[in-house]
Each structure stands twice: as structure tokens, then as C-alpha cells.
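Encoded as C-alpha cells, the structure appears first; notes follow it.
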Amino acid sequence: MSRVILLDAGPIGLVTNPKRSDESFACTQWLQLLVSSGSRVIIPEIADYEVRRELLRANKVKGIARLDELAQFLEYLPITTAAMRQAALFWAQARQQGQPTAGDKTIDGDIILVAQAVTLAVSDVVIATTNVGHLSRFVSADLWQNIKIN
């Protein structure tokens, strides 16, 4: 079975941005190559939320339309009760260890993303991101540019 790739908000934002920078073009090509190779690429609901809320705030209608199209094109992973309970556990453990991933009053989307990855219960899962940071403490994560076809 091939690797399962969950997209973080960074790559989703790059792919759905109507203003085509060199980086957004490269990310789009990377994503198309993964999909055409048969890789399982997933949009986690928490990442959709993070991108969508900013697009809505800024009234970026074209970006919202592109995000909706991407969600129809790829597999979409809704947030489940199991993922939220796992996120709460990770959040508490990180604080108990003195290594919080976000402020105490934030929802901590990174922890929810990690929990979504873990609760998929697949052996080879990686989060494609623009900032590995806290993610790699809990699950395999890498810069999207470093993730190649298996």
C-alpha cells in the first residue's frame, strides 16, 4: 500500500491561491504528480477550516471556490470524536511535559491535525506542510517539497 499524505494548511493555501507564485505553481505540480501516481492524498477538515476561515475573512471568493474544487477532487477527512479525544490527550501530554504546541487559550489546530493523522490508523502516513515544527513530535511530517512518490 502506498503512503497516505495529509495536507496541512500551507500546501492547501498554496494550491488554492488564485495568485500564482512560483511556489504555488510548484506545489500544484507536486500535488498533481502525487494524485496521478495513485497516491492517497487527503484534506483534513481542520486544515480546510484554517484556510477557509482566512479566505472568508478576507472575502476571497476565488480562493474559496478553488478550495471547494480541491475538496471535491481529493479525499476529505472529517473531524471525528475519536480525533478530538486524541487531540485533547496530545494537548494535555504536551503541557504536562512542558512543551505546549500553542497558547493555552487557542484551539491548537496542529494538535487536531496530528490526531486526525493518528486516528486514520494507517502504517505509512505523513503530513505535508510548510512548517514541520510541532507536528513531527507526534507523527511523521515533512515539507511538501521533500515528499516524493513511493
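Numbering of residues begins at 1 and proceeds along the displayed sequence.
At distances below 3.5 Å, at least one donor-acceptor pair connects side-chain atoms of Trp30 with backbone N or O atoms of Ile147. At distances below 3.5 Å, not a single donor-acceptor pair connects side-chain atoms of Gln86 with backbone N or O atoms of Thr119.
Smallest separation of non-hydrogen atoms from Pro78 and Gln116: O-NE2, 3.3 Å. The minimum heavy-atom distance linking Leu135 with Ala141 is given by the pair CB-CB, 3.8 Å. Across Ala115 and Ala87, no two heavy atoms sit closer than the pair CB-N, 3.5 Å. For Trp91 against Ile111, the heavy-atom pair with the smallest separation is N-CG2, 4.0 Å. Taking all atoms of both residues into account, the shortest heavy-atom contact from Ala47 to Ala9 is CB-N, 3.8 Å. Across every non-hydrogen atom of Ile79 and Glu45, the tightest pair is N-OE1, 2.6 Å.
Partners of Glu54 according to the salt bridge (Lys or Arg N to Asp or Glu O under 4.0 Å) rule, which considers only residues two or more places apart in sequence or in another chain, are Arg57. Residues passing the salt bridge (Lys or Arg N to Asp or Glu O under 4.0 Å) test with Arg20, sequence neighbours excluded: none. Listed by chain and number, the residues in a salt bridge (Lys or Arg N to Asp or Glu O under 4.0 Å) with Asp142 amount to none (sequence neighbours excluded).
Residues Ser140 and Val125 form no side-chain contact, since every pair of their non-hydrogen atoms from C-beta on lies 4.5 Å or further apart. With a 4.5 Å cut-off on side-chain heavy atoms, Asp8 and Glu50 count as touching. The side-chain heavy atoms of Thr129 and Leu113, taken from C-beta on, include no pair separated by under 4.5 Å. For the pair Asp110 and Phe138, the minimum side-chain heavy-atom distance is 4.5 Å or more. Here the side chains of Arg52 and Asp68 are in contact, with some heavy-atom distance below 4.5 Å. Proximity of Val139 to Leu6: side-chain heavy atoms (C-beta onward) are nowhere separated by under 4.5 Å. Put simply, the side chain of Leu34 reaches to within 4.5 Å of the side chain of Ile149, judged on heavy atoms. The side-chain heavy atoms of Val118 and Phe90, taken from C-beta on, include a pair separated by under 4.5 Å.
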Could you walk me through whether Trp144 and Leu14 pass the side chain to side chain contact (heavy atoms under 4.5 Å, CB included) test, one step at a time?
CA-CA 11 Å; Trp144 65 265; Leu14 287 169; 3.6 Å; yes

Please step through side chain to side chain contact (heavy atoms under 4.5 Å, CB included) for the pair Lys148 and Leu33, ending with a clear verdict.
CA-CA 9 Å; Lys148 308 295 182 211; Leu33 185 62; over 6 Å; no

Do Phe73 and Val35 pass the side chain to side chain contact (heavy atoms under 4.5 Å, CB included) test, and can you show the C-alpha distance, the side-chain angles, and the key distance before you say yes or no?
CA-CA 10 Å; Phe73 180 66; Val35 171; 3.8 Å; yes

In residues 58-67, what donor-acceptor pairs under 3.5 Å come from side-chain atoms, sequence neighbours left out?
residue	atom	partner	partner atom	Å
Arg66	NE	Thr16	O	3.0
Arg66	NH2	Val15	O	2.9

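The CG atom of Leu120 sits 9.0 Å away from atom OG1 of Thr80, with the distance rounded to the nearest 0.5 Å. To the nearest 0.5 angstrom, Ser37 atom OG is 12.0 Å from Gln32 atom CD.
Val132 belongs to a hydrophobic cluster whose other members, connected by ILVMFWY side-chain contacts under 4.5 Å either directly or through intermediates, are Leu143.
Around CG of Asp22, the count of heavy atoms belonging to other residues, nucleotides or ligands within 6.0 Å does not exceed 12. Atom OH of Tyr76 has more than 12 neighbouring heavy atoms from other residues, nucleotides or ligands inside a 6.0 Å radius.
Sorted by first and then second residue, the pairs that involve residues 75-86 and meet salt bridge (charged side-chain N to carboxylate O under 4.0 Å, His left out), not counting sequence neighbours, are Arg40-Glu75.
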